[in-house]
Each structure stands twice: as structure tokens, then as C-alpha cells.
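This report refers to the structure that appears directly beneath it.
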Amino acid sequence: MSPRALATRVDRDRMTMKPELAALITTALEQLVSQGVLAGLPDAAPQIDRPKDPSHGDLSCNIAMVLAKRAGIAPRDLATQIIDTLPDNTLIDRCDIAGPGFINFFVNASHHTGVVRTILESGSDYGKSDSGAGRQVQVEFVSANPTGPLHVGHGRGAAIGDSLSRLLEATGWSVQREFYYNDAGQQINNLALSVQARGQGKGPDHPDWPADGYQGGYIEDVAAAYMAGDSVQAADREITGAADLDDLDAIREFAVACLRREQDQDLQAFQVVFDKYFLESSLYDSGAVEETVTTLQAAGHTFEDQDALWLRTTDFGDDKDRVMRKSEGGYTYFVPDVAYHHNKWQRGYQRVINEQGADHHSTITRVRAGLQGLNVGIPEGWPEYVLHQMVTVMREGAEVKLSKRTGGYVTLRDLIDWVGCDATRYFLVARAPTSQLTFDVDLALARSNENPVYYIQYAHARCVSVLRKATEIAGDAHVSAGLAHLARLDEPETLSLAISLGRFPEVVANAAERLEPHDVANYLRELAADFHSFYNAHKVLEGVPETMQARLALVAATRQVIASGLALLGVSAPDAM
RNA sequence: GCGGAAUUAGCUCAGCUGGAUAGAGCGCCGGUCUACGAAACCGGAGGUCGCAGGUUCGACUCCUGCAUUCCGCGCCA
């Protein structure tokens, strides 16, 4: 029977250990309050930790120390009273009081091994929760300008943003992934001028080369395609090169289509899919930009100075006021930005997360200020931001600064070509976004446990290999049969693997809550290590049948959790390597 | 100068809303296959958590100051 088939069984109590214990302790505290020992309950639920040292039990609680002072009782004495008052239960085998007043709980082994049943019954649903309750959240990420191929920074944004989206989905949110296309600003004119210049045979060294022209080799490709009358499929329409170097509008349209297509192909190779592409130009077409300006003026947050129109962002915490409309008449970028975010709000997204490079940090205050100025009820901290720091690429001990395609920055495509999609995604998401990231190409290519991607994927392949072998020996009934013998999973390596499997729902919930997907990457590394230790210590396909069956069930559960965890990172879980 | 981020073992990094003797991989030293995949495992050495104060039962974690590195600071996006 497959794990899928098992999932039809009665839905078990999926409550994890921490809240279960917290409830027991709260009951005890209520009892102590009614006995007059305590004056009242604490404000928050008791804090339950997993101690690092196994001799401190499976779970520990500091509540006695927290309440001791207010109760006028020594922490250790209060701990004793809490333990004595704890209701009867099957979760806890015994408790200790340790150090200054920690209560250490030793969980009944059947609760550890029982997770195997839960995992096999839940299948890919194991680890998911519904804390999001189906609420909508929009995640905007990548949002690169269509002026060149995606660089490694966009890659990091793509990896983090997509993984965040997956985490939010796993915790019950309804997620919309959006890409904002800056197709209307000055940089697009520079793009068109650059293509025009290339079409005229000029290079960056030519005296008439545009001032802020794009110098990458890809511009030559675009110019050549334009002159050859090639057709480019971009989003919903097809653009054909007009081959007319005087028609700047035609060049612009064609060039944007070319680069947009290239970015789409990069994202496809990176396994990232967006629900919506939002075009900046549409904000001008719909009048939303004008409307934003009018609204801000009407609200009295603007002033004119030196022929320019300014927004008094200092009223909303900015360190200086910002120009909205330049003296030459055009708008600065942040006006459409405000209009865009207002549009998100109007679309009903009460929660919006923007994932961007930290070099855009200064826009946060500005955009939020503009939104506050609109006075339409948008909360001060809206939208949320996740900022990632820079990525540098190392290869053979030296920083890589050049890319063939761009002549400059290293592209996402370069990384995918060098190390593959899986390794690229893993490495770009495995560090805290706030940390600068060094992408070591040689490490990502290594096929040993110095490379976490292969280490984790290898653990998955090993699981599959053992399960396959077991099926060859005696069909596929072993796994389900093992559920009756989980008590045999009692060796230290086996139990610690089971305990790690039991942590998965906490890890997912916590990573989603904190918007930090790298927690999942770290967890998987540890889980794989636990599995490899178990695997080396105990032969699965030997010994008495009941033990073998129980271990097979454990292996099947491990395979499921590794696969589910990797899926949250957008990394594949191969059956063989 | 202002704002943001960072500073933990030789290297690359974890450290969950403050919790017990600060963890992992690599590298280094030493072990484990007539094989359920050794792409693995086991053991050892290695740290004043940038510095100095403060908060408290308790600080890598919170607060203040300082130092260093990175990123922003345009009528660019």
C-alpha cells in the first residue's frame, strides 16, 4: 500500500508536542491559581523549548523562573508544584527540575515514533498547516527592468521569493506571485538608444554612443534581430523587428519584447512561475499615475519648488522631501511606484510582501510615505519587505566579475549553466537574506557531503533505493506492516531520526512566520545527517521481519519529509543520482 | 555626514520571540566497506560570539557607545 492510500484513514490528532505540553502546563497553572498559590495566569502561553542537550529531556519549560518572582516562591519550588499538579497524560514519561528552575520533560518514545504513522497517512500534506486560513497574500519579487538578462541578485530574489511563496502556501495562505515590469522609464529609452546605436554599427567607444547606454553583447543580438525582421513572442503578442533604425518607438517595443522573452526563459529554467506580470506602462495608460499626484496634492502633502513638484515625505519619517514631478515635466520613479502599490491595495491585498535587493532599501520609506499621504486607510507598515544582500560569485578561488552575455555582471543563466537549477536554487536560498552571500561555483559542483544539495538529495535517493529493494524482496506491504511495530524503533540513532521528522511542521510554520526560507535548508541538512547516521548504524533489510518493517516505514517517512522539504525550496528530489 | 545590513572556529555559515557546557559542514588528525549506494558513517583537536558598558535569576540574542566591512543617500530606476 502506498502512503497515498494510507491517507484515507481516519484523520489523526495532528497536534504537535509543543502545544500539547503547553496545554498541560496551562491546566496545571490554572489549578495553582485556584489553590491560591499563584495570583494569576501569565500573559502568554508557556514557552516550550527543545533543549540542545538530550540529557535535558525532549522539551523544557522556563515558566517556573518566569513566574517565581511575582509568586514570591523560589523557582525550583514552584517547578515542583507545577510538576505535581500536571494532569495525567500519555505524552510525558517523567520530568526533572534542572539548573535554576527549568522543567525538563522526557517524552514517551511512542510519541516520537508515532510521527511515522502521521507522515505516511498525510503524505505530502505532512508539515502543512492552515494558519493562513485561506487569506490572500501577494508576493512581489524579481521585478527586473527589461533592459538585460537577469543577474545573480535577481536569482537570489527569485529563489527567496518563490520559496517564501511556497512556505506561505504550505501554511494555508492563498498566494499570488507578481512581477512588476518597469517598462516605462528613462532606462527603456536608454535601451532603445543603445539598440539603435548598435544597429548603426556604433560601439561604446564611438563618440555618439548614448550617455547611459547598455554595453552588453546582448544589445548587438537584439539589434541584429531587429534588422533581420525577426519575430519575438512576448507574453500575449508577437512583435516583429521593423528594421527601421529611425523608428525609436519600434525599436523600443522590439527590444523590450526580446529582453522580456529572455528573462522569461531564464525564469522558466529556474522553475519559477508568476501568476501576474504587472506593467508600469499600464499605470500611465489607466491614468493611475496622474490620479496619485492629484490625490496627494489634494491632501496637501505636496509643494512646488524650482519648477518641480515635491512630496513632503518628511511628514512620514523620511529624512528629506522627494521630487515627484521633475522640472522638465516627467515623473520620478516613485510616483508610479506609489500608484502601483495603491493598485495592489485596491485589488484587496491586505498583506503584501515585496522581496527586493537591499540596494533598494531607501524606496521603502518613500513608497510607504506616499501611501500614507493618499489617506485611504493603508496601515503604516504596509507593505512588508524582505530585503536580500548582495551576491558575489567565486570560482577557482577568485571572484567572477565578467559574463560573456553582458560583458559585465554574472547572469542567473550563467549559474544555471554551470551548476544546474537545483544547486543554484539551494545555494541562493540557504543563507539568511540579511547576509551577504558568496556563491562558490566549485562547491556547488562538488559531489560529496561538502555540498549540502547533493548530501540531501543523496539521502533521498538512498531512501528510494532501500524501499525499491524491499519491494523486490517481498512486495510493497512492508511499509504499512511496519506501522504495527513502531515500538521497535528504539535505538538512539533511530529515535533521533524520528524526533527530527517530528520537528518538520514546527520548522515550516516558523520559517513561514519569520519569512526565512533558509530555516528549511538548514533543517534538511540536519535531517539528512540523522538519516545517514541511522542508515550506517542499522541495516534496514536484515534482522527480524517486524524490525525490518518498522525501519522501512521510518525510511518511507524520511523520504516523504525530505521530498516535501526540498519542494519548499524548489529543489528536486531525485530517486537516483 | 545620514540611513540600512553585517561582525560567531583557519574557511563558509546556523543559532528559533534572552535559557543550561555556543552548533554544523569544509579543512586538519585518526578510524569504518568480500557493499540494503563509502556521493556515507564514527572519533579527535579547534571559539574571550568585533570592543566597552548597561538591563536581569540568566545575554551570541535586548539597550547605549565605539571600531570594521558592505549597500544606499540624483529632478536615475
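For clarity, every value in this text was computed on a predicted model and none was experimentally measured. Throughout, a chain's letter reflects where its sequence line sits, starting with A, and its residues are numbered from 1.
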How would you label the contact of [X] with the nucleic acid (heavy atoms, under 4.0 Å): base, sugar-phosphate, or nothing?
X	answer
Gln306(A)	base
Ala432(A)	sugar-phosphate
Ala576(A)	base
His538(A)	base
Glu526(A)	nothing
Tyr331(A)	sugar-phosphate
Asn182(A)	sugar-phosphate
Lys539(A)	base
Asn104(A)	base
Arg325(A)	nothing
Ser362(A)	sugar-phosphate

Would you check if there is a donor-acceptor pair between the side chains of [Y] and [X] at a distance under 3.5 Å?
X	Y	answer
Thr547(A)	Arg488(A)	yes
Asp49(A)	Gln47(A)	yes
Arg525(A)	Tyr426(A)	no

Could you label the plane-to-plane angle of the Phe531(A) and Tyr535(A) rings as parallel, tilted or perpendicular, counting under 30° as parallel and over 60° as perpendicular? tilted
Counting only side-chain heavy atoms from C-beta out, which of [options] sits nearest to [X]?
X	options	result
Ser533(A)	A14(B), C41(B), A5(B)	C41(B)
Thr434(A)	A38(B), A5(B), A20(B)	A5(B)
Met65(A)	G15(B), C57(B), G72(B)	C57(B)
Thr438(A)	C76(B), U12(B), A5(B)	U12(B)
Ala308(A)	C41(B), G19(B), C75(B)	C75(B)
Tyr458(A)	G72(B), C75(B), G37(B)	G37(B)
Arg514(A)	C16(B), C41(B), G3(B)	C16(B)
His361(A)	A5(B), C16(B), G3(B)	G3(B)
Met577(A)	C75(B), C36(B), G37(B)	G37(B)

Would you call [X] and [Y] a salt bridge, using N to O less than 4.0 angstrom?
X	Y	answer
Arg368(A)	Glu380(A)	no
Arg94(A)	Asp96(A)	yes
Lys344(A)	Glu140(A)	yes

Rounded off to whole Å, could you give me the [atom1]-to-[atom2] distance for the [X] and [N] pair?
X	N	atom1	atom2	result
His151(A)	C71(B)	NE2	P	14 Å
Ile103(A)	G19(B)	CD1	P	17 Å
Leu387(A)	A6(B)	CG	C1'	14 Å
Asn536(A)	G37(B)	CG	P	12 Å
Asn451(A)	G25(B)	CG	C1'	11 Å

Please determine, for [N], whether a Watson-Crick or G-U wobble partner exists with both distances under 3.5 Å, and give it or none.
N	answer
A9(B)	none
G1(B)	C73(B)
C66(B)	G50(B)
G30(B)	C42(B)
A22(B)	none

Is Phe102(A) stacked on the base of G19(B), meaning ring centres closer than 5.5 Å and planes within 30 degrees of each other? no
Measure the shortest side-chain to side-chain distance between Leu387(A) and His360(A) over non-hydrogen atoms and say whether it is less than 4.5 angstrom. no
Min side-chain heavy-atom separation Tyr180(A)-Glu280(A) under 4.5 Å: yes
Applying side chain to side chain donor-acceptor pair (under 3.5 Å) as the test, list every pair that has at least one member in residues 456-465 of chain A; sequence neighbours left out. Asp422(A)-Gln457(A), Tyr458(A)-Arg462(A), His460(A)-Arg559(A), Arg462(A)-His532(A)
Going by heavy atoms closer than 4.0 Å, what residues in residues 364-373 of chain A are next to RNA chain B? none
Does OP1 or OP2 of [N] have a side-chain N or O of [X] closer than 4.0 Å?
X	N	result
His518(A)	G15(B)	yes
Ser465(A)	G37(B)	yes
Ser60(A)	A20(B)	no
Thr392(A)	C70(B)	no
Lys320(A)	G74(B)	yes
Tyr535(A)	G37(B)	yes
Tyr455(A)	C41(B)	yes
Arg525(A)	A14(B)	no

Aromatic ring proximity, centroids under 6.0 angstrom, Phe141(A) and Phe179(A): no
When you check the glycosidic angle of C28(B), does it come out syn, meaning within 90° of 0, or anti? anti
